[in-house]
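Down below is the structure, laid out as structure tokens.
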Amino acid sequence: MSIRDYMKNANLIFKREFKRRPVTNGIVLHHAAASQATPQQIHEWHLKRGWIGAGYNVYVRKDGSVWELRPLWAVGAHAEGVNSESIGVCAEGMYHPSSSQPYDREMPAAQLDALVKVIKDLLEEYPSIKWIKGHKEVPGAATACPGCYFPLEKIVMAATNSSNIGEVDYMKKGDRGPEVKRLQRLLMALGCQLPKYGTDGIFGAETEAAVNAFKKSVGLQQNGVVDIITMMAMAEKLLQDKTALEQENATLTNRVQILEDELKRELESGNEAAERYIKELEEKNRRFIEFFKLLNQLAKEVEKRIWPIQKQAESVEKMW
């Protein structure tokens with residue numbers, strides 16, 4: 001579902017036209033710094049600061065209702081330095097200790113669920129998004145926003161499934177993060193091309209198609225899901241390829257050595273053509289060596305990732 005299907009229009013009147021955001025790289029999360037505030041109140045507060053109106057793009061109230069303040073496509077006024085590349089999402093509430101007004105120690109479930117849904121839908125609508133930050137995490141920001149009681153990590157984890165990447169053994173379309181990037185490197189090493197987005201860390205349609213292509217090649221159900229069975233199949237295939245390539249490399253090395261010996265004998269007899277040829281051969285051999293060094297580095301990375309999964313699968317089998 002698109003966020004536009006449920007986001008309400010606050011019908012705010014701004015002083016000037018909006019500027020269109022040229023890129024959308026991130027989402028910045030805020031609190032309103034007020035335990036209760038309507039969209040209209042936010043708008044009035046920001047007008048008094050001399051702005052053209054409400055600086056956030058999206059406002060999520062405690063009852064779970066979602067409001068559009070500035071259009072999603074517009075440059076906001078919510079986090080200096082990243083306004084022109086991010087969407088500003090604000091939550092109603094004062095999620096930081098205050099001596100001058102009431103503050104909130106816990107976010108209502110309806111609001112938390114709505115924030116998670118908003119982020120998920122924005123990630124779907126803007127696949128270019130690479131990061132999600134609280135306002136205080138934006139470089140150069142001198143603020144406590146969205147506050148120490150704002151469940152920032154919980155929201156990001158629920159929206160992206162990537163809080164503890166190292167423990168994720170199940171991936172599907174919509175996931176993102178370092179774990180997805182590692183998956184994409186494995187797919188490319190296995191010959192599954194990702195020509196448009198490459199290793200961008202986002203499990204989109206291109207990565208899903210590559211996963212299904214691999215699963216088809218090894219006889220697994222093509223459901224777009226990467227589980228332990230899929231990862232073990234990838235490991236087995238990659239390690240098979242590694243063994244075959246190492247054997248081929250050993251054979252090539254032996255052949256190169258034999259040819260070098262023969263050419264050296266020719267060289268000693270003063271054959272200039274042989275001298276040129278041996279230099280070409282040495283250059284080719286150097287390239288072979290560099291290639292297999294890179295291959296071995298990739299294989300080691302795969303092994304480090306796969307063996308824990310394999311042990312986990314073996315322990316599951318023993319339980320049954």
Side-chain angles (χ1 to χ4, degrees), residues 2-4 7 9-10 12 14-33 39 42-43 45-47 49-60 66-91 114-147 150 152-153 155-163 165 173-178 180-181 184 194 196-207:
S2 169
I3 186 174
R4 292 180 175 83
M7 185 166 58
N9 188 341
L12 306 178
F14 289 81
K15 286 186 174 181
R16 294 191 302 277
E17 294 294 319
F18 302 109
K19 293 182 179 179
R20 182 170 290 275
R21 190 172 54 253
V23 293
T24 305
N25 293 328
I27 297 171
V28 182
L29 299 175
H30 305 259
H31 70 158
I42 297 287
H43 186 58
W45 293 339
H46 288 188
L47 283 171
R49 293 185 185 182
W51 301 355
I52 67 171
Y56 311 114
N57 301 94
V58 183
Y59 187 51
V60 180
V66 179
W67 297 82
E68 181 181 61
L69 303 185
R70 295 195 183 198
L72 285 181
W73 51 263
V75 173
H78 58 90
E80 188 176 359
V82 295
N83 284 320
S84 62
E85 62 169 302
S86 64
I87 297 172
V89 178
C90 181
L115 281 164
V116 170
K117 181 172 177 55
V118 164
I119 293 171
K120 283 184 175 181
D121 291 337
L122 288 175
L123 292 173
E124 185 70 23
E125 186 159 345
Y126 295 92
S128 59
I129 290 174
K130 301 178 182 68
W131 51 264
I132 304 168
K133 299 179 186 292
H135 187 185
K136 62 186 177 184
E137 297 175 325
V138 173
T143 179
C145 176
F150 187 96
L152 181 61
E153 184 178 349
I155 289 169
V156 174
M157 177 181 68
T160 65
N161 298 318
S162 61
S163 167
I165 289 297
K173 189 176 180 181
D175 291 345
R176 58 182 59 216
V180 175
K181 186 172 288 191
Q184 290 167 332
L194 301 169
K196 189 172 182 181
Y197 297 110
T199 56
D200 61 354
I202 301 172
F203 200 132
E206 183 176 69
T207 299

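Because the structure is a prediction, the values reported are computed rather than measured.
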Grab the two heavy atoms, one from [X] and one from [Y], that are nearest each other, plus how far apart they are.
| X | Y | answer |
| --- | --- | --- |
| Tyr59 | Ala32 | OH-CB, 4.0 Å |
| Val75 | Arg70 | O-NH1, 2.9 Å |
| Gly26 | Ile129 | CA-CG2, 4.0 Å |
| Ala54 | Ile42 | CB-CG2, 4.3 Å |
| Leu123 | Ala159 | CD1-O, 4.2 Å |
| Ala79 | Val28 | CB-CG1, 4.1 Å |

Original post:
Is there a side-chain contact between His78 and Asn83 (heavy atoms, below 4.5 Å)?
Top reply: yes

Does [X] have any ring-ring contact (aromatic ring centres under 6.0 Å, His included) partners at least two apart in sequence or in another chain, and if so, which?
| X | answer |
| --- | --- |
| Phe18 | Phe14 |
| Trp131 | none |
| Tyr56 | His30, His46 |

**OP:** Could you list the residues that satisfy side-chain contact (heavy atoms from CB on, under 4.5 Å) with Lys15, not counting sequence neighbours?
**Re:** Leu47, Ile52

**OP:** Return the set of residues passing side-chain contact (heavy atoms from CB on, under 4.5 Å) with Lys173 (not counting sequence neighbours), or none when no residue passes.
**Re:** Phe203, Ala205, Glu208

Answer yes or no: is there a donor N or O on one side and an acceptor on the other, between the side chain of [X] and the main chain of [Y], under 3.5 Å?
| X | Y | result |
| --- | --- | --- |
| Thr143 | Lys136 | no |
| Asn57 | Ile87 | no |
| Asp121 | Ser2 | no |

Subject >> Between Asp200 and Gln184, a side-chain donor and acceptor under 3.5 Å >> reply: yes

Original post:
With sequence neighbours left out, what residues match Glu85 under side-chain hydrogen bond (donor to acceptor under 3.5 Å, both in side chains)?
Top reply: Asn25

Original post:
Does the cation-pi check pass for Arg21 over Tyr126, that is, NZ or CZ under 6.0 Å from the six-membered ring centre and within 45° of its axis?
Top reply: yes

Subject >> Spatial distance of atom CD1 (Ile132) from atom CD1 (Ile27) [nearest 0.5 Å] >> reply: 4.5 Å

